[in-house]
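To start, the structure itself, in structure tokens.
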Amino acid sequence: MTHPAQTLFGPSASMLQACLRNLQQDFPRETNIPQGHCRIHAAGILEIIPSQPKAPALVLSSGIHGNETAPIELLDHLISDILHHQLQPQRPLLLIMGHPQAMRENSRFVLFNMNRLFMGTHQQAPYAGSVDAQRAAVLEAALADFHSRFPIAEHYDLHTA
């Protein structure tokens with residue numbers, strides 16, 4: 001039987017490794033786990049839905065600035081613990097590693113500060129079409145899709161202080 005991480009992340013052992021390797025994969029990818037269902041929308045965007053959610057949804061985002069590694073690593077450990085059945089989520093989760101290309105480059109951003117490109121700003125000049133703007137659009141779409149199906153109680157955007 002294939003482990004859920006292999007189904008979701010291919011030859012990588014974790015979502016972080018998959019983001020850093022920049023593997024070209026077909027998305028979405030989905031699998032069932034004993035406590036529910038997982039779906040990876042795009043590189044670094046994982047949804048986990050418990051079979052019987054007992055609380056409103058939670059969004060955890062990290063790596064919006066690619067060089068803020070501590071929150072990215074914490075999120076990766078959380079995902080691993082869930083996929084290895086050490087944690088059982090009680091609420092729908094959307095777990096985000098925000099900017100894989102900036103993570104690979106160990107930089108805050110590629111051209112523009114992605115943290116300033118949300119709420120449609122990514123569509124405006126001079127940002128439109130940049131790697132950072134394209135990723136901001138992908139993240140906005142994933143959040144909108146998730147929110148259309150689950151009421152989001154909290155969104156924690158994890159940064160390194």
Side-chain angles (χ1 to χ4, degrees), residues 3-31 38-49 57-84 86-87 89 91-147 150 152-161:
H3 189 273
Q6 289 176 309
T7 302
L8 295 169
F9 312 126
S12 300
S14 71
M15 188 156 85
L16 176 56
Q17 285 182 9
C19 285
L20 294 177
R21 287 174 141 180
N22 193 24
L23 298 175
Q24 299 300 316
Q25 298 182 356
D26 294 325
F27 296 110
R29 296 176 77 125
E30 301 183 49
T31 191
C38 297
R39 180 177 195 236
I40 189 159
H41 292 260
I45 305 173
L46 177 65
E47 173 181 301
I48 300 174
I49 309 301
L58 171 67
V59 176
L60 297 175
S61 54
S62 67
I64 300 302
H65 294 130
N67 63 353
E68 294 183 310
T69 59
I72 296 166
E73 292 173 11
L74 287 171
L75 191 62
D76 198 50
H77 287 291
L78 174 70
I79 293 166
S80 178
D81 286 350
I82 292 169
L83 295 180
H84 287 93
Q86 295 169 350
L87 288 175
R91 52 175 42 183
L93 300 172
L94 186 63
L95 307 171
I96 299 170
M97 292 184 184
H99 203 327
Q101 184 168 341
M103 290 163 49
R104 286 189 294 280
E105 295 179 10
N106 193 28
S107 63
R108 190 168 173 83
F109 49 83
V110 178
L111 296 171
F112 301 104
N113 183 348
M114 191 173 68
N115 206 37
R116 307 283 182 255
L117 301 182
F118 296 109
M119 297 180 59
T121 303
H122 57 81
Q123 298 171 339
Q124 301 171 9
Y127 317 113
S130 70
V131 168
D132 309 277
Q134 290 172 11
R135 183 60 179 184
V138 167
L139 295 176
E140 279 190 355
L143 277 162
D145 172 67
F146 187 72
H147 183 65
F150 304 102
I152 297 174
E154 299 153 314
H155 179 168
Y156 295 102
D157 184 22
L158 310 174
H159 288 265
T160 302

- Item | Pair M15-F9, side-chain contact (heavy atoms from CB on, under 4.5 Å): steps then yes or no | CA-CA 6 Å; M15 188 156 85; F9 312 126; 3.5 Å; yes

- Message: Using the rule given for side-chain contact (heavy atoms from CB on, under 4.5 Å), can you reason through L60 versus L74, listing the C-alpha separation, both sets of side-chain angles and the distance that settles it, and then say yes or no?
- Response: CA-CA 11 Å; L60 297 175; L74 287 171; over 6 Å; no

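At least one side-chain heavy atom of Y156 sits less than 4.5 Å from a side-chain heavy atom of L58. At a threshold of 4.5 Å between non-hydrogen side-chain atoms, the residues L75 and I79 count as touching. Looking only at side-chain heavy atoms (C-beta outward), M97 and D76 come within less than 4.5 Å of each other. Considering only heavy atoms from C-beta on, H84 comes within 4.5 Å of H3 through its side chain. Side chains of F27 and I45 form no contact here, defined as non-hydrogen atoms less than 4.5 Å apart. Contact check for L8 versus C38: side-chain heavy atoms found under the 4.5 Å cut-off.
With sequence neighbours left out, T7 forms a side chain to side chain donor-acceptor pair (under 3.5 Å) with no residue at all. For H77, there are no ring-ring contact (aromatic ring centres under 6.0 Å, His included) partners two or more places apart in sequence or in a different chain. Applying the salt bridge (Lys or Arg N to Asp or Glu O under 4.0 Å) rule to E73 yields no partners; only residues at least two apart in sequence or on another chain are considered. With sequence neighbours excluded, the residues forming a side chain to side chain contact (heavy atoms under 4.5 Å, CB included) with S107 are A102, E105, listed by chain and number. H155 is linked by a ring-ring contact (aromatic ring centres under 6.0 Å, His included) to nothing, counting only residues two or more places apart in sequence or in another chain. For the salt bridge (Lys or Arg N to Asp or Glu O under 4.0 Å) test, no residue two or more places apart in sequence or in another chain qualifies with D157. By the side chain to side chain contact (heavy atoms under 4.5 Å, CB included) test, I152 is found to be paired with A57, V59, F146, H147, residues two or more places apart in sequence or in another chain being considered. Contacts of S130 classified as side chain to side chain contact (heavy atoms under 4.5 Å, CB included), with partners at least two apart in sequence or in another chain: L111, F112, D132, A133. For D145, the side chain to side chain donor-acceptor pair (under 3.5 Å) partners at least two apart in sequence or on another chain are R149. In this structure E154 satisfies the salt bridge (Lys or Arg N to Asp or Glu O under 4.0 Å) test together with R91, sequence neighbours excluded. Partners of H65 according to the ring-ring contact (aromatic ring centres under 6.0 Å, His included) rule, which considers only residues two or more places apart in sequence or in another chain, are H159.
A pairwise comparison of heavy atoms in I40 and G44 identifies CD1-N, 4.4 Å as the closest pair.
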Indicate every side-chain donor-acceptor pair of residues 115-127 with a distance under 3.5 Å to a residue at least two apart or in another chain.
from, atom 1, to, atom 2, distance (Å)
T121, OG1, F118, O, 3.1
H122, NE2, E140, OE1, 2.9

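Under the 3.5 Å distance criterion, the side-chain polar atoms of S62 are matched with a main-chain donor or acceptor of I96. Between the side chain of E68 and the main chain of G63, no donor-acceptor pair closer than 3.5 Å is present. No donor-acceptor distance shorter than 3.5 angstrom exists from the side chain of R104 to the backbone of R21, with no hydrogens or angles considered.
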